[in-house]
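Okay, structure first, notes after.
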Amino acid sequence: MQSLKDQIKQRAEALTGELVAIRRHLHQHPELSFQEHETARYVAGRLSDIGIPFEAGIAGTGIVAKIEGKNPEKKTIALRADMDALPIEEANDVPYRSQNPGVMHACGHDVHTTCLLGAARLLYECRDHWEGTVKLLFQPGEERIPGGASLMIKEGALENPRPSAVIGQHVMPLIPVGKVGFREGMYMASTDELYLRVIGKGGHGAMPELCIDPVAIAAQIIVALQQVVSRRSSPKMPTVLTFGKVVANGATNVIPNEVYLEGTFRTFDEQWRAQAHDIIRQMATGIAESMGARCEVEIRKGYPFLYNAPELTRRAKQAAIEYLGEENVVDLDLWLAAEDFAYYSQVADACFYRLGTRNEARGIVSSVHTPTFDIDEAALPIGAGLMAWLALTELRQ
């Protein structure tokens with residue numbers, strides 16, 4: 001396998017120009033969740049050029065492709081990339097700036113798709129040197145509930161044949177280019193969306209005694225709900241409850257009739273997650289009622305928490321060390337962000353790792369989900385080659 005590893009590394013480096021061109025095309029033509037029609041057509045065209053068979057239209061715009069090596073029924077591994085972009089206006093002044101106003105690949109999904117296309121070419125070119133089957137999952141809608149992963153699973157993306165493991169990677173602007181990161185077990189949080197409407201009785205700000213002030217009541221609810229984390233959650237269980245949007249359309253002297261709140265709840269345990277939903281409803285409605293108002297609570301259940309199968313992740317980390325060197329493989333901490341890759345981890349052994357894209361010398365330091373996010377494109381051959389190597393390493397287990 002040593003010579004095959006070297007061949008993959010050399011070939012991945014040779015593909016750098018092609019990978020950069022693919023990534024820049026995708027970056028210039030971003031599409032929102034479940035609207036990735038042109039992206040899917042582009043991916044399908046690339047797969048056709050390589051000679052890889054595929055099925056399109058999974059979960060709307062998703063694609064499932066299959067590469068067979070020798071003895072294809074021996075074992076199957078799946079590799080996944082997401083394709084959707086975010087509703088963000090790009091602020092970067094670069095030649096490959098988004099051409100779609102208000103839409104941007106600000107989370108690196110253009111990178112993920114590029115790397116999987118690169119890995120596909122590498123695996124296809126050396127298919128006579130390995131046994132088994134590699135499924136390629138080009139997935140829509142990671143950024144929007146219910147998540148394209150859940151729909152891909154429902155529509156059979158993990159069947160015929162069923163993979164023994166699903167592997168995915170995600171850009172990480174906190175990690176320097178050239179390095180990757182792994183974590184066994186719990187890695188990313190579940191995520192739920194909270195929508196509260198506090199309904200009182202508006203009126204003149206100078207006569208609060210004639211009103212039922214939903215602003216003051218909403219403030220009480222926000223503060224009180226922090227006890228869901230500080231006093232109802234075990235300190236051993238990471239939990240976050242954040243309200244990021246408060247709308248009270250009154251004025252300096254006007255108490256509005258209602259206040260609208262939006263927030264998020266995240267944790268790593270499904271039983272506690274369900275219990276916390278009940279507590280949030282009870283506390284919010286109870287506080288409002290005790291103050292003469294009422295509170296409507298809607299909790300939209302999002303992605304589950306992401307669990308990296310320990311043995312699979314251990315093997316993948318060791319394979320990354322073999323491929324990149326021990327100094328370029330780092331350990332990750334818990335991450336309270338969420339990813340719909342978690343759905344795969346709930347139904348199969350899964351490994352989700354991070355690809356470093358940061359370059360401080362070049363000023364490439366912005367976080368994902370920001371208008372100035374970008375990557376050092378030297379990460380592209382690393383991401384493509386490593387994905388291919390991880391698949392081959394796992395196939396030989």
Side-chain angles (χ1 to χ4, degrees), residues 1-16 18-19 46-47 50-54 64-81 111-138 157-158 161-170 178-182 184 308-326 328-329 341 344-345 348-355 379-397:
M1 292 291 283
Q2 180 67 27
S3 61
L4 184 55
K5 180 189 74 175
D6 291 340
Q7 290 174 28
I8 289 173
K9 291 184 73 172
Q10 293 167 8
R11 182 65 178 131
E13 283 299 323
L15 287 174
T16 297
E18 179 180 332
L19 295 173
R46 284 284 175 172
L47 292 171
I50 299 170
I52 298 173
F54 61 88
V64 176
K66 187 166 60 174
I67 305 172
E68 294 183 344
K70 297 184 296 184
N71 190 13
E73 296 180 357
K74 180 179 179 181
K75 190 174 185 178
T76 299
I77 302 298
L79 302 177
R80 172 267 199 175
V111 178
H112 307 162
T113 300
T114 299
C115 288
L116 186 53
L117 283 170
R121 180 177 289 280
L122 295 170
L123 290 165
Y124 185 80
E125 290 177 348
C126 67
R127 64 193 183 282
D128 293 334
H129 299 280
W130 51 270
E131 293 185 305
T133 297
V134 178
K135 296 185 81 169
L136 312 173
L137 309 177
F138 292 93
L158 296 187
R162 186 171 183 82
S164 62
V166 184
I167 298 172
Q169 71 175 359
H170 198 294
K179 299 180 182 290
V180 295
F182 291 82
E184 300 174 20
N308 279 331
E311 291 186 8
L312 169 63
T313 305
R314 210 169 295 136
R315 291 193 298 268
K317 180 182 177 182
Q318 183 57 42
I321 290 172
E322 295 171 3
Y323 191 83
L324 296 172
E326 189 168 6
N328 290 318
V329 180
F341 186 88
Y344 300 116
S345 79
D349 282 353
C351 174
F352 193 67
Y353 65 95
R354 294 286 176 167
L355 175 68
L380 297 173
I382 296 171
L386 182 57
M387 284 200 92
W389 178 245
L390 293 182
L392 295 183
T393 302
E394 192 58 27
L395 283 173
R396 68 179 177 175
Q397 295 299 316

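Reckoned from all heavy atoms, side chains included, excluding hydrogens, waters and symmetry mates.
Asp349 contributes no side-chain N or O that, together with a main-chain N or O of Ala165, makes up a donor-acceptor pair within less than 3.5 Å. One N or O on the side chain of Lys135 and one on the backbone of Ala157 form a donor-acceptor pair closer than 3.5 Å.
Here the NE2-CG distance, from His112 to Leu79, works out to 13.5 Å after rounding to the nearest 0.5 Å. To the nearest 0.5 Å, atoms NZ (Lys74) and CH2 (Trp130) are separated by 12.0 Å. Distance check, rounded to the nearest 0.5 Å: CD1 of Ile382 to CD of Glu13 gives 7.0 Å. Between the CZ atom in Arg315 and the SG atom in Cys351 there is a gap of 10.0 Å [rounded to 0.5 Å]. The line from CZ of Arg80 to CD of Gln169 is 10.5 Å long, rounded to the nearest 0.5 Å. From Trp389, atom CH2 reaches atom CG of Leu4 across 6.0 Å, with rounding to the nearest 0.5 Å.
For the pair Leu137 and Val64, the minimum side-chain heavy-atom distance is below 4.5 Å. Looking at Leu136 and Phe54, their side chains never come closer than 4.5 Å, going by heavy atoms from C-beta outward. The shortest side-chain heavy-atom distance between Thr76 and Ser164 does not fall under the 4.5 Å cut-off. A 4.5 Å side-chain heavy-atom check between Asn308 and Glu184 finds every atom pair outside the cut-off.
Between Tyr353 and Phe182, the ring-plane angle classifies as parallel under the 30° and 60° cut-offs.
Considering all non-hydrogen atoms of both residues, Leu355 and Cys115 come closest at CD2-SG, 4.3 Å. Residues Thr114 and Leu19 share a closest heavy-atom pair of CG2-O, 3.3 Å. Annotation for Ala65 and Leu47: closest pair CB-CD1, 4.0 Å, computed over non-hydrogen atoms. The two residues Leu390 and Ala319 make their nearest non-hydrogen contact at CD2-CB, 3.6 Å. What you find for Leu15 and Gly118 is that their closest heavy atoms are CD1-O, 4.5 Å. Taking each heavy atom of Val180 and Ala320 in turn, the nearest pair found is CG2-CB, 4.2 Å.
A salt bridge between Arg11 and Glu125 is present, with a side-chain N of the basic residue lying under 4.0 Å from a carboxylate O of the acidic one.
Relative to the six-membered ring of Tyr323, Lys9 meets both conditions, a distance below 6.0 Å and an angle of at most 45° to the axis. In this structure, Arg127 satisfies the cation-pi test against Tyr124, with its NZ or CZ atom closer than 6.0 Å to the six-membered ring centre and inside 45 degrees of the ring normal.
Counted within 6.0 Å of CD on Glu311, heavy atoms from surrounding residues, nucleotides or ligands total 12 or fewer; the atom is thus considered open.
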Practice prompt. Check the pair Thr16 / Leu380 against side chain to side chain contact (heavy atoms under 4.5 Å, CB included), numbers first and verdict last.
Written response: CA-CA 7 Å; Thr16 297; Leu380 297 173; over 6 Å; no
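For the side chain to side chain contact (heavy atoms under 4.5 Å, CB included) test with Pro161, the passing option among Lys75, Glu73, Lys66 is Lys66; the others fail.
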